[in-house]
Amino acid sequence: MDSVSPNILFIMFDQMTAKALSCYGHTVVKTPHISRLARQGVVFENAYCNSPLCAPSRFSMMSGMMPSDIGAYDNASLFPEDVPTMAHYLRDMGYSTCLAGKMHFIGADQCHGFEERLTTDIYPADFGWVPDWKNTGIFTRMI
């Protein structure tokens, strides 16, 4: 990576509104470090999720694809290992990539292009929490 390439810090969170941050105008909450990052970087003024659920929304953001195009319908969906992510593209450009925090990666690939992962995920990689939709009775009437 050459010295003119910018550093990239991508922060994604759910269950918190941007309106709760001082960089978006909240007058009571103090977020000095995030505010400094916002002043020195880029912030989204308008952002919309492709899914109301965590995992499909995260997979969509990571891949640039609609959740339905990669089979991500719920928080127990497998993120296919053959789907390239922004981490793959950044690595191809010479960046070092590191992931910290939950991503809901289910399955053998717990990095999806990141070279390093600082924390484990909240789901087990062995599909232990994946529901068996065919045996729930929900879809048996439709099959």
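FYI, side chains are in, hydrogens and waters are out, and symmetry mates aren't considered; it's all heavy atoms of this structure.
Between Tyr89 and Pro84, the shortest heavy-atom distance links the atoms OH-CG, 3.6 Å. Of all heavy-atom pairs between Ala38 and Val43, the closest is CB-CG1, 3.5 Å. Minimum heavy-atom separation, Phe105 to Gln110: O-NE2, 2.7 Å. Ile106 approaches Leu78 most closely through the heavy-atom pair O-CD1, 2.9 Å. Here the closest heavy-atom approach between residue Phe59 and residue Ala72 is recorded as CD1-CB, 3.7 Å. Shown here for Met12 and Met61, the closest heavy-atom pair between the two residues is SD-CG, 3.9 Å.
Rounded to the nearest 0.5 angstrom, Met103 CE and Cys54 SG are separated by 10.5 Å. In this structure, His88 NE2 and Leu90 CG are separated by 11.0 Å, a value rounded to the nearest 0.5 Å. Here SG of Cys23 is found 12.5 Å from CZ of Arg36. Values are rounded to the nearest 0.5 Å. Here the CG atom belonging to Asn7 is positioned 11.5 Å from the CD atom belonging to Gln40, to the nearest 0.5 angstrom.
For the pair Thr85 (side chain) and His112 (backbone), a donor-acceptor distance under 3.5 Å is present. Remark: the backbone N or O of Lys30 is not paired with any side-chain donor or acceptor of Ser22 at under 3.5 angstrom. Counting only distance, with no hydrogens or angles, the side chain of Ser60 and the backbone of Pro56 share no donor-acceptor pair below 3.5 Å. Distance alone, capped at 3.5 Å, places no donor-acceptor pair between the Arg58 side chain and the His104 backbone. No donor-acceptor pair under 3.5 Å is formed between the side chain of Arg91 and the backbone N or O of Thr97. Checked by atom type and distance alone, the side chain of Asn75 pairs as donor or acceptor with a backbone atom of Ala55 at under 3.5 Å.
Taking 4.5 Å as the limit, every side-chain heavy atom of Tyr73 sits out of range of all side-chain heavy atoms of Pro67.
By the criterion of side-chain heavy atoms lying less than 4.5 angstrom apart, applied directly or through intervening Ile, Leu, Val, Met, Phe, Trp or Tyr residues, Met62 is not grouped with Leu53; the two fall into different hydrophobic clusters. Leu9 and Ile34 fall within a single hydrophobic cluster, where Ile, Leu, Val, Met, Phe, Trp and Tyr side chains are chained together by heavy-atom contacts under 4.5 Å. If you chain together hydrophobic residues whose side chains sit under 4.5 Å apart, Met65 and Phe10 fall into the same group. Under a hydrophobic clustering in which Ile, Leu, Val, Met, Phe, Trp and Tyr are joined whenever their side-chain heavy atoms come within less than 4.5 Å, directly or via other members, Met93 and Ile8 fall into the same cluster. Hydrophobic clustering of Ile, Leu, Val, Met, Phe, Trp and Tyr side chains at less than 4.5 Å, counting indirect connections, keeps Met86 apart from Leu118.
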